[in-house]
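Predicted model, so just to flag it, every value in this text is computed and none were measured.
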Amino acid sequence: MTYMINRILSEENRKKYSQILFYVALSIELFLMILEKSEILFEYESYVFRVTFLLTFLAVIIMKHDRKQWVVIAVIWCFTTLCYRLSGKNDLLRIATFMMATRDIDLKKAMKYSFFVSIAGFLVIAALALFGFLGDVVLIADYGRGIADESRLVLGFGHPNTLLGCVYVLVLMWLWIYGENASLIKYGLVIILSILFSLLTRSRTGILMLFMTLAIALILRITKNLKSYKLPYIISFMVTPVFCMTTAVFAGLCAEGEYTTGGIGIPVWVWRMDVALNYRISNLYYSVPEHGGIASNWKLFAGRGADGYFDMGWVRLFYWYGIVPTVLIAVAVALVIYVCYKKKDIWSVLITLSVSVYTIIEATFVSRYIGRAFYLLIAGVYLCSLFKGKIDE
């Protein structure tokens, strides 16, 4: 196949056609993500996911690779196919192929494209709700926080947490694209909009992560020389993946210890935190079939039937995919931080840090919807540069 491609396509055309295939796949994934955020029901995602996988698969095949790179690609495909066969989920295979297909793209252009497509899609969702065509503007319900009829802004997104989660993602993308050089006035406008949506949605986790990220971003914006020091990268590595993984294991053991004879006894402070977080730790036991979220039920490779949903994203990785895939995901995160250090790219570290910490509590980014995970663009390009041996380019 490689010989035939060499005969038909020049190296320049290879890059051109692989990028066209990639952008078609990215556009479809973004469209599916926007559709999923709205109140529109679409039951054929799995078929469309196969199309986007095929597009990125062809993009990878068309690219020029040396023998060592083909070996790495083959190993990755074999491993993720094994995960697919064991668990019935093709997410890791699709994500790995998508990331490999990012190799030759212009990262900044791809991020801008994702940013503006997401803004346009989210504005359409909000407009449909505001003009009464689809979805609620405000949702009044009991959200389990001791208020019987709590009013929270949804703007057609189905749930206030989803709305603020979308604002959070847009802020992250804005910070990556413009944060280093944006004026303090623009930062002020972003902060004001963030405060407005935070007050109207009352999404506590989203509020905490949004403002923690903005606070760090302001520090990076004002003290631009921080990117030259090792310490921020070391701290980021200690937080993610080390702290995030440790927290997930601890939560799984606590949930097991509270409701079974295994695990560890849950300390009082953890129980209080569990209550404050709407029983996210307890739900590792109660919310999924056969109590799959607790640590003793995690497997080296997840089998079929591990399909339950709960909020703690890092724990969901262990439950959905297994211990071995999750450890390898953590290694990939660590490698991305290493590439960021070599490139002195502190802003990609900020995005990685923010998303990883957010995923301790929420599972927004542990999803079959690649369009949600804009940071895969960064991870894909950086990991590909690592394996090409051209980190400093």
Can you sort out the partners of F131 under ring pair (Phe, Tyr, Trp, His ring centres under 6.0 Å), two or more places apart, ordered by chain and number? none
Test side chain to side chain contact (heavy atoms under 4.5 Å, CB included) on R304 and S87; report intermediate values, then the result. CA-CA 4 Å; R304 295 175 184 268; S87 69; 5.8 Å; no
Check whether any side-chain heavy atom of R103 sits under 4.5 Å from a side-chain heavy atom of V381, and report yes or no. no
Tell me which donor-acceptor pairs under 3.5 Å the side chains of residues 317-331 have, and how far apart each pair is, sequence neighbours excluded?
from: Y319; atom 1: OH; to: D307; atom 2: N; distance (Å): 3.3
from: Y319; atom 1: OH; to: G308; atom 2: N; distance (Å): 3.0
from: W320; atom 1: NE1; to: G308; atom 2: O; distance (Å): 3.0
from: Y321; atom 1: OH; to: D91; atom 2: OD2; distance (Å): 2.7
from: T326; atom 1: OG1; to: L317; atom 2: O; distance (Å): 3.1
from: T326; atom 1: OG1; to: F318; atom 2: N; distance (Å): 3.4
from: T326; atom 1: OG1; to: G322; atom 2: O; distance (Å): 2.7

Please confirm whether the backbone N or O of N181 pairs with a side-chain atom of K224, one donor and one acceptor, at under 3.5 Å? no
Quick one: OG on S114 to CG on L376, what's the gap to the nearest 0.5 Å? 10.0 Å
What are the two closest non-hydrogen atoms of A25 and T56, and how far apart are they? CB-CG2, 3.7 Å
Rounding to 0.5 Å, atoms SG (C83) and CZ (F301) come to a distance of 5.5 Å
How long is the straight-line distance from CD1 of I370 back to CG of L377, given to the nearest 0.5 Å? 10.0 Å
Sequence neighbours excluded, the answer for ring pair (Phe, Tyr, Trp, His ring centres under 6.0 Å) partners of W176 is none
So if I apply the ring-ring contact (aromatic ring centres under 6.0 Å, His included) rule between Y358 and each of F365, Y375, W314, which one comes out positive? F365
Is there side-chain contact between V270 and F250, with heavy atoms separated by less than 4.5 Å? yes
How far apart are the closest heavy atoms of S194 and L210, and which atoms are they? CB-CD2, 3.5 Å
Check the side chains of T364 and Y168 for a donor-acceptor pair under 3.5 angstrom, ignoring hydrogens and angles. no
Under a 4.5 Å cut-off applied to non-hydrogen side-chain atoms, are M63 and D104 in contact? yes
Checking the side chain of T201 only, and the main-chain atoms of L164 only, is there a donor and an acceptor separated by less than 3.5 Å? no
Considering non-hydrogen atoms only, spot the tightest contact between S18 and K15 and give its length. OG-O, 3.0 Å
Can you give each donor-acceptor pair under 3.5 Å made by side-chain atoms of residues 28-42, sequence neighbours left out, with the distance rounded to 0.1 Å?
from: E29; atom 1: OE2; to: T52; atom 2: OG1; distance (Å): 2.8
from: E29; atom 1: OE2; to: R94; atom 2: NH2; distance (Å): 3.1
from: E36; atom 1: OE1; to: R372; atom 2: NE; distance (Å): 3.4
from: E36; atom 1: OE1; to: R372; atom 2: NH2; distance (Å): 3.2
from: E36; atom 1: OE2; to: R372; atom 2: NH2; distance (Å): 2.5
from: S38; atom 1: OG; to: L35; atom 2: O; distance (Å): 2.7
from: S38; atom 1: OG; to: I40; atom 2: N; distance (Å): 3.2

Sequence neighbours excluded, every pair satisfying ring-ring contact (aromatic ring centres under 6.0 Å, His included) that has a member inside residues 199-247: Y233-Y341
Is the backbone of R316 close enough, under 3.5 Å, to the side chain of Y309 for a donor and an acceptor to pair up by distance? no
Using modelled atom types and a 3.5 Å cut-off, is there a donor and acceptor pairing between side-chain atoms of T223 and backbone atoms of L226? no
When you group the ILVMFWY residues by side-chain heavy-atom contacts below 4.5 Å and let the links chain together, are I191 and I219 in the same group? yes
Taking atom types as modelled, is there a side-chain donor on W77 or T97 under 3.5 Å from an acceptor on the other? yes
Examine the side chains of N225 and S228 and answer whether a donor and an acceptor come within less than 3.5 Å of each other. no
Hey, are the side chains of K68 and V71 touching, using non-hydrogen atoms and a 4.5 Å cut-off? no
Verify the ring-centre separation between W174 and Y187: is it less than 6.0 angstrom? yes
Please check if L163 and L208 belong to a single hydrophobic cluster, counting links between Ile, Leu, Val, Met, Phe, Trp and Tyr side chain heavy atoms closer than 4.5 Å. no
How close do S354 and L172 get, counting heavy atoms only, and between which atoms? OG-CD2, 3.7 Å
Please check if atom NZ in K89 has more than 12 non-hydrogen atoms from other residues, nucleotides or ligands closer than 6.0 Å. yes
With heavy-atom distances below 4.5 Å as the criterion, would you say the side chains of K227 and K343 are in contact? no
I'd like to check the ring pair (Phe, Tyr, Trp, His ring centres under 6.0 Å) partners of Y47; sequence neighbours left out, ordered by chain and number. none
What about F115 and F374, are their ring centers closer than 6.0 Å? no
CG (L199) with more than 12 external heavy atoms under 6.0 Å: yes
Check whether any side-chain heavy atom of L92 sits under 4.5 Å from a side-chain heavy atom of Y84, and report yes or no. no
Examine distances only and state if a side-chain atom of S282 and a backbone atom of Y279 form a donor-acceptor pair shorter than 3.5 Å. no
Residue pair F310 / R280, side-chain heavy-atom distance below 4.5 Å: no
If I take atom CG from residue L277 and atom CE from residue M312, how far apart are they, to the nearest 0.5 angstrom? 7.5 Å
Would V355 end up clustered with M238 when hydrophobic side chains under 4.5 Å apart are linked, directly or stepwise? no
How close do G292 and N297 get, heavy atom to heavy atom, and via which atoms? O-CB, 3.8 Å
Please determine whether residues L86 and L300 belong to a single hydrophobic cluster, defined as Ile, Leu, Val, Met, Phe, Trp and Tyr linked transitively by side-chain heavy-atom distances below 4.5 Å. yes
When P160 is tested against each of L155, V154, L153 for side-chain contact (heavy atoms from CB on, under 4.5 Å), which residue passes? V154
Just so I know, are the side chains of R221 and E180 near enough to count as touching, which here means a heavy-atom distance under 4.5 Å? no
Counting only heavy atoms not in R272, do more than 12 sit closer than 6.0 Å to its CZ atom? no
Can you tell me how far apart CG (L58) and CZ (F53) are? Round to the nearest 0.5 Å. 9.0 Å
Measure from the side-chain N and O atoms of D66 to the backbone N and O of Q69, and report whether any donor-acceptor pair falls under 3.5 Å. yes
Yes or no on side chain to side chain contact (heavy atoms under 4.5 Å, CB included) for I177 and W347, after CA distance, side-chain angles and deciding distance? CA-CA 9 Å; I177 299 167; W347 292 92; over 6 Å; no
More than 12 foreign heavy atoms under 6.0 Å from NZ of K16: is that the case here? no
Is the backbone N or O of N90 less than 3.5 Å from a side-chain atom of R368, with the two atoms forming a donor-acceptor pair by type? no
Spacing of T80 atom OG1 and L93 atom CG [to the nearest 0.5 Å]: 4.0 Å
Side-chain (E362) to main-chain (T359) donor-acceptor, under 3.5 angstrom: no
What one should report as the nearest heavy-atom pair of S151 and V138 is CB-CG1, 4.1 Å
Any side-chain to backbone donor/acceptor pair from H65 onto V60? Under 3.5 Å, distance only. yes
Is the backbone N or O of L139 less than 3.5 Å from a side-chain atom of D136, with the two atoms forming a donor-acceptor pair by type? no
Identify whether V171 and L189 are in the same connected component of the hydrophobic contact network (ILVMFWY, side-chain heavy atoms under 4.5 Å). no
